[in-house]
Q: 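I'd like to ask you about the structure that follows.
Atom set for the values below is all heavy atoms of this structure, side chains included, hydrogens, waters and symmetry mates excluded.
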Amino acid sequence: MPVYPFLLVDAFADTALGGNPCAVVLDTDDLSPAQMQRLAQEFNQSETAFVRRSAVAGYGVRYFTPGEEIPLAGHPTIATITALLHTGRLPRPTGGRPHDLQLELLHGPVAIRVSPAEAGQPHFIRMTQRRPEFGPLHEPAEVLPLFGLTPADLLPGAVVQTVSTGTPQLMVPLRDAATLRRAHLPDPMALDAYRRASGFFSSHLFCLEGATPVGTTFARHFCTPPDLPEDPVTGSATGAMAAYLWHYRLLSTPNFIAEQGHWMGRPGMVHVAVQGPPDAVEAVHISGQGVVIVEGELRL
């Protein structure tokens, strides 16, 4: 009977039961995509990470939601590196210097940096996402009702657009936090039909207000069945949001803190840095911490 070590990690949090939980399964070279998909359904987290050997990077990893495989995701990346550090498979930084490595994702490697941790604190893990791609614009009158809102709820002068830093996400900037709180899914199947027809993975609604004084943005992330209806903290969508905000000059600085999950009882914080000028964004770096809360064995 094959045995696979696994961990449950709360990503984008510095204490347990915050941020976004992710199952990380180790030593999965012999698992097929179909098996990984079934296990993601079994764990029923927003994403499950499957760590494998890689010929081109420190490790390979594939990410599955309960419904499908996705090419790039932020909180599973933070969770995966946290799990590798926790199990001793990845050396911790020493001598005050960060540790740089790469993870091979579905569409190639991404750069990772692990910073030295303060005593008793989790390591900060930085992921460099792919150069942003600004996709099609969407008609607000078609999109906003999918979330129980109207075009008047859109941030004045803003556009609804698909943006990808590795996984295409629908960017929906809203007027304020009160508007964001009203958002809901009257008909999840209508959103699912729209996203499949439009070619994006999920929907990121956000405003230019933090949940706390340190935050510049606050967001909610909506998915469709069989995936969880709302994701607490989303790293890939935060990267796309950062690229969108900087590109459209809606930020005064390319470095900021994005907050998410507070209204779900899972507060999360993502440190964001956009690289390059607004008209030619080169990359987005997202950073956060992770906490291991469960460690066990999966037997198949």
Side-chain angles (χ1 to χ4, degrees), residues 1-13 15-92 101-107 109-110 112 114 122-123 125 127 166-167 201-202 223 225-236 261 264 266 268 288-300:
M1 176 183 295
V3 177
Y4 304 89
F6 80 89
L7 303 92
L8 187 65
V9 181
D10 287 339
F12 294 124
T15 57
L17 307 183
N20 198 351
C22 178
V24 181
V25 187
L26 304 174
D27 304 336
T28 64
D29 298 81
D30 61 340
L31 290 181
S32 69
Q35 288 174 306
M36 289 187 278
Q37 184 65 74
R38 290 188 64 189
L39 286 170
Q41 294 169 350
E42 183 77 10
F43 279 112
N44 200 35
Q45 303 297 315
S46 54
E47 278 109 13
T48 298
F50 296 90
V51 182
R52 314 159 74 80
R53 289 192 297 266
S54 171
V56 298
Y59 287 91
V61 61
R62 294 175 68 170
Y63 302 138
F64 287 77
T65 76
E68 62 191 283
E69 183 173 11
I70 56 175
L72 179 145
H75 97 272
T77 298
I78 303 301
T80 295
I81 297 299
T82 299
L84 292 172
L85 289 166
H86 179 82
T87 57
R89 295 164 186 245
L90 189 65
R92 297 176 182 271
L101 69 148
Q102 290 189 322
L103 280 184
E104 183 187 7
L105 306 186
L106 184 65
H107 293 162
V110 296
I112 305 295
V114 183
H123 289 275
I125 299 160
M127 172 192 193
T167 297
F201 168 64
S202 49
C223 305
D227 293 344
L228 302 184
E230 185 169 350
D231 208 348
V233 194
T234 46
S236 59
M264 301 176 68
R266 300 198 65 98
Q289 297 166 291
V291 180
V292 174
I293 63 168
V294 174
E295 192 171 3
E297 292 182 341
L298 174 67
R299 299 178 182 273
L300 296 181

Q: For the residue pair V51 and V25, establish whether any side-chain heavy-atom pair is separated by less than 4.5 Å.
A: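 Not in contact.
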Q: Do F201 and E68 come close enough that some side-chain heavy atom pair is under 4.5 Å?
A: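 Answer yes - side chains close enough.
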Q: What's the shortest heavy-atom distance between V61 and A49, and which atoms?
A: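 That closest heavy-atom pairing would be CG2-CB, 3.9 Å.
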Q: In Å and rounded to the nearest 0.5 Å, what is the CD1 to CD1 distance from I112 to I125?
A: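 Taking CD1 in I112 and CD1 in I125, the distance rounds to 8.0 Å.
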Q: I'd like to know if the side chain of E69 and the backbone of M36 have a donor-acceptor N/O pair within less than 3.5 Å.
A: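 It does not hold such a pair.
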Q: In terms of side-chain heavy atoms, does Y63 have a donor or acceptor partner in T77 at a distance below 3.5 Å?
A: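 Yes, side-chain donor-acceptor contact under 3.5 Å.
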Q: Just wondering, do H123 and L85 contact through their side chains at under 4.5 Å, heavy atoms?
A: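 Yes; the side chains approach each other to less than 4.5 Å.
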Q: Tell me, do L31 and Y4 make a side-chain contact under 4.5 Å, heavy atoms counted?
A: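 L31 reaches Y4 side chain to side chain.
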Q: With no hydrogens and no angle check, just 3.5 Å: does a side-chain donor-acceptor pair link D231 and N20?
A: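 Short answer, yes.
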Q: One thing to verify: whether D30 and R52 come together as a salt bridge, which I'm taking to mean a side-chain N less than 4.0 angstrom from a carboxylate O.
A: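 Salt bridge flag = no for D30 with R52.
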Q: What verdict does the ring pair (Phe, Tyr, Trp, His ring centres under 6.0 Å) test give for F43 and F6, after you've listed the backbone C-alpha separation in whole Å, the side-chain angles of each residue and the deciding distance to 0.1 Å?
A: CA-CA 11 Å; F43 279 112; F6 80 89; 5.4 Å; yes
Q: Let's go through R53 and D27 carefully: what are the C-alpha distance in whole Å and the side-chain angles of both, what is the deciding distance for salt bridge (Lys or Arg N to Asp or Glu O under 4.0 Å) to 0.1 Å, and is it a yes or a no?
A: CA-CA 8 Å; R53 289 192 297 266; D27 304 336; over 6 Å; no
Q: For E42, is the CD atom crowded, meaning more than 12 foreign heavy atoms sit under 6.0 Å from it?
A: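 Not more than 12 within 6.0 Å, no.
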Q: For residues 288-300, run the donor-acceptor check on the side chains, cut-off 3.5 Å, and write out each pair with its distance to 0.1 Å, sequence neighbours left out.
A:
residue : atom : partner : partner atom : Å
Q289    : NE2  : P122    : O            : 3.0
E295    : OE1  : H86     : NE2          : 3.0
E297    : OE1  : R299    : NH2          : 2.7

Q: Counting C-beta onward and ignoring hydrogens, is there a side-chain heavy-atom pair between P21 and H75 closer than 4.5 Å?
A: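 Sidechains of H75 and P21: no contact.
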Q: Does any non-hydrogen side-chain atom of L39 lie less than 4.5 Å from one of F50?
A: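 The answer is yes, as the side chains (C-beta and beyond) meet within the 4.5 Å cut-off.
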Q: Are P33 and R62 close enough that some pair of their side-chain heavy atoms sits under 4.5 Å apart?
A: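 In contact.
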Q: Heavy atoms, side chains only, cut-off 4.5 Å: are E47 and P66 in contact?
A: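 Result no, sub-4.5 Å side-chain heavy-atom pair not found.
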